[in-house]
Amino acid sequence: MTTPFGRRVSAVLSRRLVGRYVVLGIGEEAAVAEPGQFYMLAAVAGWGGGVDERPYLPRAVSVLYARDGEVGFLLEDVGPGTHRLCGLGVGEDVYLVGPLGQGFTPPPPGIEAILVGGGVGIPPLAMFQDRCGGQALLGFRTSEHAEAASLFAAPELATDDGSAGHQGHVTDLLDDLLETRQDIVVFACGPPAMLQAVQSRVARHQVPAQLALEAPMACGYGACFGCVVDTVAGYKRVCVDGPVFDAAVLV
Amino acid sequence: MTTPFGRRVSAVLSRRLVGRYVVLGIGEEAAVAEPGQFYMLAAVAGWGGGVDERPYLPRAVSVLYARDGEVGFLLEDVGPGTHRLCGLGVGEDVYLVGPLGQGFTPPPPGIEAILVGGGVGIPPLAMFQDRCGGQALLGFRTSEHAEAASLFAAPELATDDGSAGHQGHVTDLLDDLLETRQDIVVFACGPPAMLQAVQSRVARHQVPAQLALEAPMACGYGACFGCVVDTVAGYKRVCVDGPVFDAAVLV
Amino acid sequence: MIEFCGIELEHQVINASGCFDVLAARQVFGEALVERFPFAAYVSKTVTLAARAGNPPPRLWESAGGMINSIGLPNPGVEVYLAHHVGEYARLGVPLITNVMGSSAGEFAELVERVAEREEVAAIELNVSCPNVATGLDIGADPRGLRDLLAVVRPLTRKPLIVKLTPNTADVAACAAAAEAGGADAVSLINTLRAMSLAPGGHGRPWLGGRTGGLSGPAIRAIALAQVASVAARVAVPVVGMGGVSSGADAAELLEVGARLVAVGSESFRDPAAGSRVAAELAAHFAENAA
Amino acid sequence: MIEFCGIELEHQVINASGCFDVLAARQVFGEALVERFPFAAYVSKTVTLAARAGNPPPRLWESAGGMINSIGLPNPGVEVYLAHHVGEYARLGVPLITNVMGSSAGEFAELVERVAEREEVAAIELNVSCPNVATGLDIGADPRGLRDLLAVVRPLTRKPLIVKLTPNTADVAACAAAAEAGGADAVSLINTLRAMSLAPGGHGRPWLGGRTGGLSGPAIRAIALAQVASVAARVAVPVVGMGGVSSGADAAELLEVGARLVAVGSESFRDPAAGSRVAAELAAHFAENAA
Ligand SMILES: Cc1cc2nc3c(=O)[nH]c(=O)nc-3n(C[C@H](O)[C@H](O)[C@H](O)COP(=O)(O)OP(=O)(O)OC[C@H]3O[C@@H](n4cnc5c(N)ncnc54)[C@H](O)[C@@H]3O)c2cc1C
Ligand SMILES: Cc1cc2nc3c(=O)[nH]c(=O)nc-3n(C[C@H](O)[C@H](O)[C@H](O)COP(=O)(O)OP(=O)(O)OC[C@H]3O[C@@H](n4cnc5c(N)ncnc54)[C@H](O)[C@@H]3O)c2cc1C
Ligand SMILES: Cc1cc2nc3c(=O)[nH]c(=O)nc-3n(C[C@H](O)[C@H](O)[C@H](O)COP(=O)(O)O)c2cc1C
Ligand SMILES: Cc1cc2nc3c(=O)[nH]c(=O)nc-3n(C[C@H](O)[C@H](O)[C@H](O)COP(=O)(O)O)c2cc1C
Ligand code: FES
Ligand code: FES
């Protein structure tokens, strides 16, 4: 995979809200990312000086879409880095490196993709569905959080408080499916607890799954060895060996 | 002198440009400062993350005016702190502590105030003239820099390049005055070299002078002992013993 | 109420030595400062035997997330301190901790004897960051030097002795253990880290009048946390943790790793009321975690 | 052209060990990385005798103006390094400096002997920041330990030996002098400063898998400048300065206080092309100052 070496500065082209989330579109001539890939992003101005004098490092953000000279991201304001990125105005500059990492591998013909996502971990799935189809099962805390489901075609929903869709976990929806179907591959991203729940379920039902992981990252391109996850083959870097891993290799 | 203990957060009320300078007006109920006093200012958001991950400390800024619940400042963008303050938008919040320090002492009746200023070191003089009158002699690099002279009534100008007023130093104008007049007190602020030139001239002519100094500051209220200047009585803190000093005590 | 070396304190936040001149602050902020004094105890700026003018200016430089100072311990000397300052500080209504520094064990002994005579002084903090003439290191940088120092000064007073350790050392826990073995009632850390800045212009000329200075502020907080944790794990005496604290959350972390008290230094420059703010945030933090 | 220990370099900016895995970067950025390699020499990540997995995650924490890592020196061991990595690194077209660490003088000796056999290796950097089992300190934290180490390894090779000093010491210049006396051809500094961060939640539990980690980035630059200045003033051998460099201006300051080369570490994480950018800014800076 070849990508531009080093940082580039581009203007923000668009910014819109989906419920409590922000969609950020950035001009990027060769917008060629695969679902599951990510960029490292930092604002050019005002990066730093937030809570505890952060952010210092760029932030890993999954690609939501990549087309027509624009790459898009879905952000939730959870800390100093996402706060700054969510507040970017149209015309402001960002540093970006990417696309980075190994994305999802589409299923062979005849096998349906089941997309299991939660919270802000849905952009890779939305992009995947857009390109390869598949049934989305999405979990959120409340209906307010669930507004990001609008990025999907015909998703099934679960919310913790039952304010939208099934009351309970998204893995309940997956359980129902796994009881009846074997001709599927599961694609999942979301919080660690959700991914673990998916991993143990697919293992029990011997269904293949690809999990998109997150880890604290400094560089995003394999330079620092900071983002490792334990696998059957030892520690692997999430940024270059992932973020998508076969569920079977994760320990 | 009593001032509010601790920081307060207020909205920026007004912001306008005088040539390359920015005038910043901030809501401050008890706007009671004296000419020569200053505030410590910091933006609430985006303070930090600039050049070399600065600013960290608040910045000392002289009062330009204080009236009708508003205190005003004149800023020139010379580094990360003034850059951020110059970029403040109306409605953004700032931390401020002040008014701080010892201002100018007005001359006794019958004695004329001669105000000698250069560059961004003119706010205390503008405020002084507004309250107590006096003849302003102002020096700037070019006519573009000289636009801040519009803050004064009937100033005499000098510019390095002669593009406005006398070509040369503002101290040339002072020299002419000192040749003929003894019934004056000089009030000066500006770059160190200018202040030194003023100091040696008034000493030679035995005319009293009050100089407003600058020094790197951390706190502005006497806490750190970082801002000292050498005087006949030893090191004195510019923030609490000054910023205005009698020219005769400075060594 | 918090107990520290037998002293009762209103809360767990005190000032770091040299970061809050209460006499100047009272002049600026008026009696409100005394009425709403931000700290649970007042730690004096370092006092030496003879008066010191301090280092030539410039004394300050701003760096990434922090600052460097080369103030150089200006103070009027112990006699003036005792005659004029102790009484003023006692008016604050919080316990007074007097910070002293000598350049030899003998100087420290003289300082401790003089200061200990005063009833208003609740405890004495020994600033051992002065360069040792013999070794070139800070007196506090090696455990043996600390033990020798305490052997001399410990017998001179029953007031609590707090040893303010230097962070410019390979093994701060060993230094803390030596202080404890020598009879210190508490240790405090971290002091500033040796740092440098250059004058703009490109000739390698130091900016600071003292050539090098000490780094403080958020930039050093993670170093402080590591040093405080290693010291608290090693000694039984109470630890005063400091270094880069700017919020209740920062203070809570120092307490979590074993500090008994937290001191606020540079943050007071940004916010004169930082002491009360940090104490209030800390109280809210614990109330939340208890709920 | 810059001369460093008899090696010719295109410019004065190299990478800091462990901050630029060139094999991964080539996979990501393609051959452009080799064609426009950002550094004047390539310093390998630390190599040890046996393979090391490194510390358990999490390994990173962001702090004020910097970061803390507890990577824990993962590497495939010296045999795999020699068999597979040296050849790849040689392809970069810049001199290769191999960084090694042993936990005893004997381990260092074995590493130096094995690595020195290889023609592709231009110089060997000794990372002496490993905790000494006997003293609990870093091997490099006391001058005597360094002298003993060099007495063992210096006779084993004529290749330049660079000693990478630890900053967690009371007197880094004394350590540098000991390295020089022992026959080191150069010294490099600073390595990361011991630091800590806590897991969110309030139980004092360390966040990092390695419990403590090392602080790097702009937060430590002023400390690096002080240490590099004190070392350069003390030794005659060339000094590689590093710590928080993110611009040509930062690099220039290290050169001004006496460094021969500058290494860029954490800044490469923020900007993969930081090496070339800093070198270009440095060249512009000197052109300006000459004018
Ligand atoms: C491959 C990948 C893809 C991602 N995609 C997206 C995406 O599409 N959209 C999105 O919004 N996010 C995404 N993330 C997550 C995002 O990069 C992280 O949440 C990032 O840390 C947010 O930065 P922040 O400054 O906003 O929050 P942080 O302050 O970093 O807080 C986030 C969490 O990090 C921990 N934390 C707190 N303080 C620190 C500290 N000082 N240092 C380190 N950790 C700390 C805490 O557990 C906290 O809850 C992705 C991450 C990865 C690795
Ligand atoms: C009493 C007083 C009144 C003042 N009034 C005004 C006013 O009315 N208007 C106004 O615009 N300014 C005023 N100033 C000056 C202003 O406070 C300083 O110039 C301040 O340093 C600007 O901050 P900065 O971040 O923009 O620039 P800095 O980065 O602080 O740069 C300013 C100068 O500081 C030096 N410098 C560079 N890097 C550093 C560093 N890391 N640490 C310390 N110094 C450095 C350099 O010499 C540089 O030229 C006043 C200062 C004082 C003391
Ligand atoms: C301007 C300044 C002056 C200081 N003066 C002293 C002093 O006189 N005695 C002392 O023991 N420590 C002194 N210190 C160190 C502080 O007490 C404290 O240990 C250090 O600043 C770390 O805390 P901080 O990061 O909260 O500032 C001083 C620090 C600063 C910044
Ligand atoms: C993620 C990371 C990994 C590192 N790995 C090594 C290493 O393997 N060997 C070594 O000698 N130094 C290592 N270091 C230290 C750096 O080489 C350098 O000394 C330090 O980071 C200071 O420079 P900086 O502030 O530019 O990062 C590492 C630093 C970081 C941040
Ligand atoms: S984030 Fe640096 S190696 Fe993965
Ligand atoms: S700025 Fe702190 S004492 Fe003057």
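- Annotation: Arg131(B), atom CZ; neighbour count of heavy atoms from other residues, nucleotides and ligands within 6.0 Å is above 12.
- Atom CG of Leu57(B) sits about 12.0 Å away from atom CH2 of Trp61(C), to the nearest 0.5 Å.
- Heavy-atom distances place both the backbone and the side chain of Val228(B) under 4.5 Å from chain C.
- For Glu10(C), the CD atom counts as loosely surrounded, since its 6.0 Å shell holds 12 or fewer non-hydrogen atoms of other residues, nucleotides or ligands.
- Contact check for Phe225(B) versus Asp21(C): side-chain heavy atoms found under the 4.5 Å cut-off.
- Neither the backbone nor the side chain of Ala42(B) comes within contact range of chain C; no heavy atoms are under 4.5 Å apart.
- Summarising the geometry of Pro57(C) relative to Tyr235(B), their closest heavy-atom pair is CD-CE2, 3.6 Å, with the distance given to 0.1 Å.
- Atom CE of residue Met67(C) and atom OH of residue Tyr56(B) lie 7.0 Å apart, to the nearest 0.5 angstrom.
- To the nearest 0.5 Å, atoms CZ (Phe269(C)) and CE (Met217(B)) are separated by 13.0 Å.
- For His83(B), the NE2 atom counts as loosely surrounded, since its 6.0 Å shell holds 12 or fewer non-hydrogen atoms of other residues, nucleotides or ligands.
- With hydrogens and angles ignored, the 3.5 Å screen pairs no side-chain donor or acceptor of Arg270(C) with any backbone N or O of Pro58(B).
- In this structure, no portion of Asn15(C) lies under 4.5 Å from any heavy atom of chain B.
- Both the backbone and the side chain of Tyr221(B) come within contact range of chain C, with heavy atoms under 4.5 Å apart.
- With rounding to the nearest 0.5 angstrom, the SG atom of Cys227(B) is 7.5 Å from the CG atom of Leu60(C).
- Within 6.0 Å of atom CZ in Arg20(B), more than 12 heavy atoms from other residues, nucleotides or ligands are found, so the atom counts as buried in its surroundings.
- Taking every heavy atom of both residues into account, Arg237(B) and Ala24(C) meet most closely at NH1-CB, 3.6 Å.
- When each of Ala219(C), Pro58(C), Ser63(C) is checked for heavy-atom pairs under 4.5 Å with chain B, Ser63(C) comes out on top.
- Looking at heavy atoms from C-beta onward, Pro216(B) lies in side-chain contact with Trp207(C) at the 4.5 angstrom threshold.
- Residue with the most contacts toward chain B among Gly265(C), Pro218(C), Gly217(C), Pro74(C): Pro218(C) (heavy-atom pairs, distance under 4.5 Å).
- Contact annotation: the side chain of Phe20(C) never approaches that of Cys224(B) to less than 4.5 Å [non-hydrogen atoms, C-beta and beyond].
- For chain B, the option among Gly18(C), Ala53(C), Gly66(C), Ala25(C) with the highest count of heavy-atom pairs below 4.5 Å is Gly66(C).
- Put simply, the side chain of Arg59(B) reaches to within 4.5 Å of the side chain of Glu62(C), judged on heavy atoms.
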